[in-house]
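The next block holds one structure in the form of structure tokens; read it before the comments.
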Amino acid sequence: MKRLIKALLLFSASLALAGNNDIYITQSGTGLTMNIDQIGDTNKVGTSQTRATFTGTSMTVDIDQVGDTNTYTATVAQGNSSSWTTRQTGDENVSTITVGGTGDAASTDFDYGATGNENVLTLTQGAAATATGANQDYVVLGDENNINTTCEVIGCINNWNVDGDTNDIDTTQTGNDDHSITGTITGNTNNIDIDQTNSTGSVSDVVVITATTSNGTIDIDQCTSGC
């Protein structure tokens, strides 16, 4: 089955080399290792209508897109003990990822890297299902980047490093256990909004921000409710 999946992916990518690169995936099972490389403009892995969907445990997924106007849209319905790496190189890249929207997602690691301008990442982990042990890392190099992350996970660890101008970073963490955010921002006219909500009030939420910026705005709210 793994050989068949790999063959189908290679066949789909080869057909798309002359124009747009489009890959659509529906995956379920345990122990998946998947590597996808797309080179060219207007690359797509999934769309809002026909997404890339993953269900299983112990999955390792690595996706690289090189070019302009790349799109990655994925739903991880259930993905315990799994690792996800997404790298986009170029301008106007868009990634929209939902983890654990309809099933449990525990002990997951998500790494995102973008090099270019006007990159957009929207990541929601947890949502309507139980989720524990999330580790999220973002490295963005460029200008006018927009990062929107929501981690409704018990014990979420969020680290990001953004180097560029006019970046907009919005991070929300909820759940009844220790959360942490460590961010490094370099550049000018950056806008940072952080909300950490812990309804028990009996554990610690931590935010560490190192900002080298002019004309920046940083808004941090830590509360038991109402953030």
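- Going from atom OG1 of T150 over to atom CG of N158 covers 10.5 Å, rounded to the nearest 0.5 Å.
- The same ILVMFWY cluster, assembled from side-chain heavy atoms under 4.5 Å apart, contains both I209 and Y138.
- If you chain together hydrophobic residues whose side chains sit under 4.5 Å apart, I194 and I157 never meet in one group.
- Considering D163, I192, I218 as possible partners of I185, the one that fulfils the side-chain contact (heavy atoms from CB on, under 4.5 Å) test is I192.
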D62 vs R87, salt bridge (Lys or Arg N to Asp or Glu O under 4.0 Å): CA-CA, chis, key distance, verdict | CA-CA 8 Å; D62 189 308; R87 287 179 291 266; 2.9 Å; yes

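- Between the CG atom in D168 and the CD1 atom in I147 there is a gap of 9.0 Å [rounded to 0.5 Å].
- Checked options T124, I169, T122; the residue passing with N148 is T122 (criterion: side-chain contact (heavy atoms from CB on, under 4.5 Å)).
- With D165 contributing its side chain and N188 its backbone, the two residues share a donor-acceptor pair below 3.5 Å.
- A distance-only check finds a donor-acceptor pair linking the side chain of S82 to the backbone of N80 [under 3.5 Å].
- Under the 4.5 Å side-chain criterion, counting only non-hydrogen atoms from C-beta, Q125 is in contact with T108.
- Of the possible polar contacts, one joining the D91 side chain to the N117 backbone as a donor-acceptor pair under 3.5 Å is found.
- Under a 3.5 Å cut-off, the side chain of D111 and the backbone N or O of T85 do not form any donor-acceptor pair.
- The only member of T182, N159, N161 that meets side-chain hydrogen bond (donor to acceptor under 3.5 Å, both in side chains) when paired with D137 is N159.
- Contact check on D22 versus K44 returns no salt bridge, with no Lys/Arg side-chain nitrogen under 4.0 Å from an Asp/Glu carboxylate oxygen.
- Taking CD1 from I25 and OG1 from T53, the interatomic distance works out to 8.5 Å, rounded to the nearest 0.5 Å.
- Of the possible donor and acceptor atoms, one in the side chain of Q222 sits under 3.5 Å from a partner among the backbone N and O of D205.
- M34 and V99 fall within a single hydrophobic cluster, where Ile, Leu, Val, Met, Phe, Trp and Tyr side chains are chained together by heavy-atom contacts under 4.5 Å.
- Interatomic distance, CG of N191 versus CG of N167, reported as 10.0 Å (0.5 Å rounding).
- Distance OG/S95 to CG/L121: 6.0 Å, rounded to 0.5 Å.
- When W84, F110, Y112 are each tested for a side-chain contact (heavy atoms from CB on, under 4.5 Å) with L123, only one passes: F110.
- Hydrophobic clustering places F54 together with I23 (ILVMFWY residues linked when any side-chain heavy atoms are closer than 4.5 Å, directly or through intermediates).
- Among T42, D37, N43, D41, the one residue that satisfies the side-chain hydrogen bond (donor to acceptor under 3.5 Å, both in side chains) test with N21 is N43.
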Could you walk me through whether I181 and Q173 pass the side chain to side chain contact (heavy atoms under 4.5 Å, CB included) test, one step at a time?
-> CA-CA 9 Å; I181 295 173; Q173 290 184 337; 3.4 Å; yes

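- No continuous path of ILVMFWY side-chain contacts below 4.5 Å connects V94 to V140, so the two sit in separate hydrophobic clusters.
- Summarising the geometry, atom CG belonging to N119 is positioned 4.5 Å from atom CG belonging to N93; distances are rounded to the nearest 0.5 Å.
- No side-chain donor-acceptor contact under 3.5 Å links T189 to the backbone of G216.
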